[in-house]
Amino acid sequence: MAASLRRYIFCTKRFTNVSIHTHVTTRRISGSSARMGSKAPVGFIGLGNMGAFMAKNLLKQGYPLIAFDVYPESLIEIQELGASIANNPAEVAEKVDKIVTMLPSSPNVIDVYLGNTGILKNVNPGTLLIDSSTIDPAVAKQVSAAAEKKGAIMLDAPVSGGINAAREATLTFMVGGKEEEFKAAKDILDCMGKNVVNTGPVGTGQAAKICNNMMLAISMIGCSETMNLGMRLGLDPKMLASIMNTSSGRSWASEVYNPVPGVLDNVPSSNDYQGGFGTALMTKDLSLAQTAATATSTATPLGSLAHQLYRVMCNRGLGNKDFSIAFQFLKEQTEV
């Protein structure tokens, strides 16, 4: 009875604080006051190129946010839009019952969830944890098992679609978890994407994502090689892209994310390859794919070649550029 009473007092205090935060947020985001008051706050950790847009879309849909990022400058805009800022992941976990994380790699996920000031230090029983990072499936399973010991639920929900889809809330989410847990997460994920797919048990979301990104890396290299060859043959790049996109050579890389500067607006190639999905991150994902291929004795010759090419680009100092920099890299190569 005493334990139940303490829990009741704790919850009352916690949600009193949340209601104060919600009141402040509704004043700062025009047109959202009615919705803000009816939705519980969500934690969001990791406001990089993708995460920042995902968090903004949750705000637009009326979810009060408590945010954290290791880079304080990443938090300025989301705070101006009405989010509350936490000092560390543990503080986020203390204040909410749903958390979305969007982090660069497996070590970052382990630190944010299992570190000294990690989510699982203060997580409340029943909290729904949604990790949209792209990581090793084994790490997703490890973190999920640790969360389960704390009475929380962790799903792996990596995304596909790129920075424009993150901005426009049209991402595809590949969600690993039980059906009932998937349904509990879907309302939040629907605010950030248009395709939310349950891939099976925890870890299968990551499996689907690394397979998708291996295909993406291969097709980006193919598109870059083709565009480079066509331009050296005297073809206008916009005209060539138009032919490809109405013919059998059509791909996401050619149609939505063309790597040639000036062919499309609002893509990284037309912004000096800034923003988007970094070459270093693509290299990391290809490494995950190769590890999985080795573990399952799967032949992936093109995936392996793509991995090596992206590693070379990183070694040439292009790791922070968008992965479509493959075109520029290949353009500078000359057959001898």
Q: Measure from the ring center of F277 to the ring center of Y257 and say whether it is less than 6.0 Å.
A: no

Q: Side-chain heavy atoms nearer than 4.5 Å, only ILVMFWY residues, links allowed to pass through others: does that put I153 and V196 together?
A: yes

Q: If the threshold is 4.0 Å, N to carboxylate O, is there a salt bridge linking E77 and K56?
A: yes

Q: What are the two closest heavy atoms between R232 and Q333, and how far apart are they?
A: NH2-O, 3.0 Å

Q: Give, for atom CD of Q290 and atom CD of Q308, the distance between the pair rounded to the nearest 0.5 Å.
A: 8.0 Å

Q: Between K209 and D156, is there a side-chain N and carboxylate O pair less than 4.0 Å apart?
A: no

Q: Let me confirm one number: the OG1-NE2 distance from T291 to H307, rounded to the nearest 0.5 Å.
A: 8.0 Å

Q: Is the terminal nitrogen or CZ of K321 (NZ for Lys, CZ for Arg) located under 6.0 angstrom from the six-membered ring centre of Y273 and within 45° of that ring's axis?
A: no

Q: Would you compute the distance between atom CG of L309 and atom CG of L302 and round it to the nearest 0.5 angstrom?
A: 12.0 Å

Q: Could you report the tightest heavy-atom contact between G276 and N49, atom names first, then the distance?
A: O-ND2, 3.2 Å

Q: In chain order, what residues pass the salt bridge (Lys or Arg N to Asp or Glu O under 4.0 Å) check against R316, with sequence neighbours excluded?
A: none

Q: Can you measure from CG (L281) to CE (M50) and round to the nearest 0.5 angstrom?
A: 10.5 Å

